[in-house]
Amino acid sequence: MDPVVTRFAPSPTGRLHLGHAYSAIRAHDHARARGGRFLLRIEDIDGTRSRPEHVATILADLAWLGLTWDGDVVHQSQRLDLYAAALDRLRAMGLLYPCFCTRAEIAGAMAAPHGATPVYPGTCRSIEAPDLAHPHCWRLDMTAAVARAGALEWSDAGRPVPADPLAQGDVVLARKDAPASYHLAVTVDDAAQGVTDVVRGVDLFEATHVHRLLQALLDLPVPRWHHHALLAGADGERLAKRHGAPALAALRERGEDGRELAERLRTGDFPKAVAVPTFTS
Ligand code: GLU
């Protein structure tokens, strides 16, 4: 079997909290326990929200937790050509369309089939002669993409999961304000970096349906996924959503022992907010 490669891929839009530490430790330990490699990727394609000072803090936080990573730290902002090439391929397949909708228009028109997450209603899908001089993002024509890729599945913690990207609607692959979206960049990078095992929070479980589809469309290798439960505060709310989740930097600055904290996170005496879904397949 190929050596295991995992990664931690934070967005430097704020300071890391305990939930990030937990996720980084899970990915790090997954690789280390198997003699594999652990990579660090900074997901900074969002030029308006990403801040260089957060990158320095993230590196210091991880070192404080006793985590080591292999190779150079990769920055998505330096890999835009790769994303543009993937976008060109999908466009050449006739699977993308420009969308001119504003946030307000989309918010008013989101279509939610009964009980499902609202998705983009496809307003711009069939514009005859789009005027690309106007601000636009690029969306994946999900129905066409799924028809082309056929039935897919992926593996989560060793269990097969049927891919259901249709439920995610026509997702954005290049933003109005950034040359790629999270979905596209993460899929391209995991393949380019040879990631074999994606260990991340279950909040990204639904996104995996889209990533699996993009891998099929772009002929990319398919990693294994291991979505983990999210840490919660005492009120049961997941940390990322709570006000006042302590930043790792704040704990570090007040002299707490990061390695000791990492050990406590490993031994699991922290409440979990969201359980990992179970499947019947
Ligand atoms: N950059 C994403 C985040 O900070 C994580 C990406 C991933 O693990 O796939 O939420």
Side-chain angles (χ1 to χ4, degrees), residues 4-31 37-52 54-55 57-59 61-62 65 67 69 73-80 82-83 86 154-157 161 163 165 168 171-173 175 178-215 218 220-231 238-242 245 247-249 273-274 276:
V4 162
V5 181
T6 67
R7 62 8 175 230
F8 179 55
S11 307
T13 53
R15 304 206 294 177
L16 301 187
H17 55 67
L18 281 179
H20 295 109
Y22 181 67
S23 201
I25 290 166
R26 292 284 299 251
H28 171 273
D29 291 3
H30 189 99
R37 288 161 54 77
F38 172 65
L39 311 180
L40 180 57
R41 182 170 76 226
I42 302 297
E43 303 216 318
D44 57 352
I45 39 173
D46 186 335
T48 51
R49 293 174 61 228
S50 296
R51 298 256 182 281
H54 291 314
V55 177
T57 306
I58 288 169
L59 301 192
D61 289 343
L62 296 178
L65 289 165
L67 304 185
W69 55 89
V73 179
V74 163
H75 289 75
Q76 287 191 327
S77 57
Q78 290 164 17
R79 300 162 69 79
L80 303 183
L82 281 176
Y83 314 140
W154 41 284
S155 155
D156 203 309
V161 183
Q168 305 302 308
V171 292
V172 172
L173 293 190
R175 293 165 37 162
S181 73
Y182 159 69
H183 290 308
L184 185 70
V186 88
T187 304
V188 167
D189 282 341
D190 282 342
Q193 294 187 276
V195 171
T196 61
D197 292 77
V198 176
V199 182
R200 64 182 175 195
V202 73
D203 51 328
L204 291 168
F205 183 87
E206 302 298 335
T208 308
H209 296 298
V210 177
H211 302 170
R212 179 68 191 87
L213 173 66
L214 291 176
Q215 285 154 3
L218 294 167
L220 299 176
V222 181
R224 297 172 286 263
W225 283 267
H226 309 264
H227 290 98
H228 60 72
L230 306 179
L231 290 195
R238 58 179 278 212
L239 285 183
K241 293 249 167 96
R242 297 172 76 233
L248 298 181
V274 183
V276 179

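Counting starts at 1 for both ligands and their atoms, following the listed order.
Counting only distance, with no hydrogens or angles, the side chain of Thr208 and the backbone of Leu204 share a donor-acceptor pair below 3.5 Å.
Between Phe205 and His209, the two ring planes are perpendicular [angle over 60°; tilted spans 30° to 60°].
Among residues two or more places apart in sequence or in another chain, the side-chain contact (heavy atoms from CB on, under 4.5 Å) test is passed with Val171 by Leu140, Met142, Gln168, Leu173, His183, Val210. His54 pairs by the ring-ring contact (aromatic ring centres under 6.0 Å, His included) definition with nothing, not counting sequence neighbours. Residues satisfying the ring-ring contact (aromatic ring centres under 6.0 Å, His included) criterion with Tyr182, sequence neighbours excluded, are His211.
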Give every pair made of an N or O atom of ligand 1 and a protein N or O atom lying under 3.5 Å apart, one pair per line with both atom names and the distance to 0.1 Å, or write 'none'.
unit_1   : atom_1 : unit_2 : atom_2 : d
ligand 1 : 1 (N)  : Ala9   : O      : 2.7
ligand 1 : 1 (N)  : Ser11  : OG     : 3.0
ligand 1 : 1 (N)  : Glu43  : OE1    : 2.6
ligand 1 : 4 (O)  : Ser11  : N      : 3.4
ligand 1 : 4 (O)  : Ser11  : OG     : 3.2
ligand 1 : 8 (O)  : Arg7   : NH1    : 2.7
ligand 1 : 9 (O)  : Arg7   : NH2    : 2.9
ligand 1 : 9 (O)  : Tyr182 : OH     : 2.9
ligand 1 : 9 (O)  : Arg200 : NH1    : 2.7

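Between Arg200 and His228, the side chains place no donor N or O within less than 3.5 Å of an acceptor N or O (distance only, hydrogens not considered).
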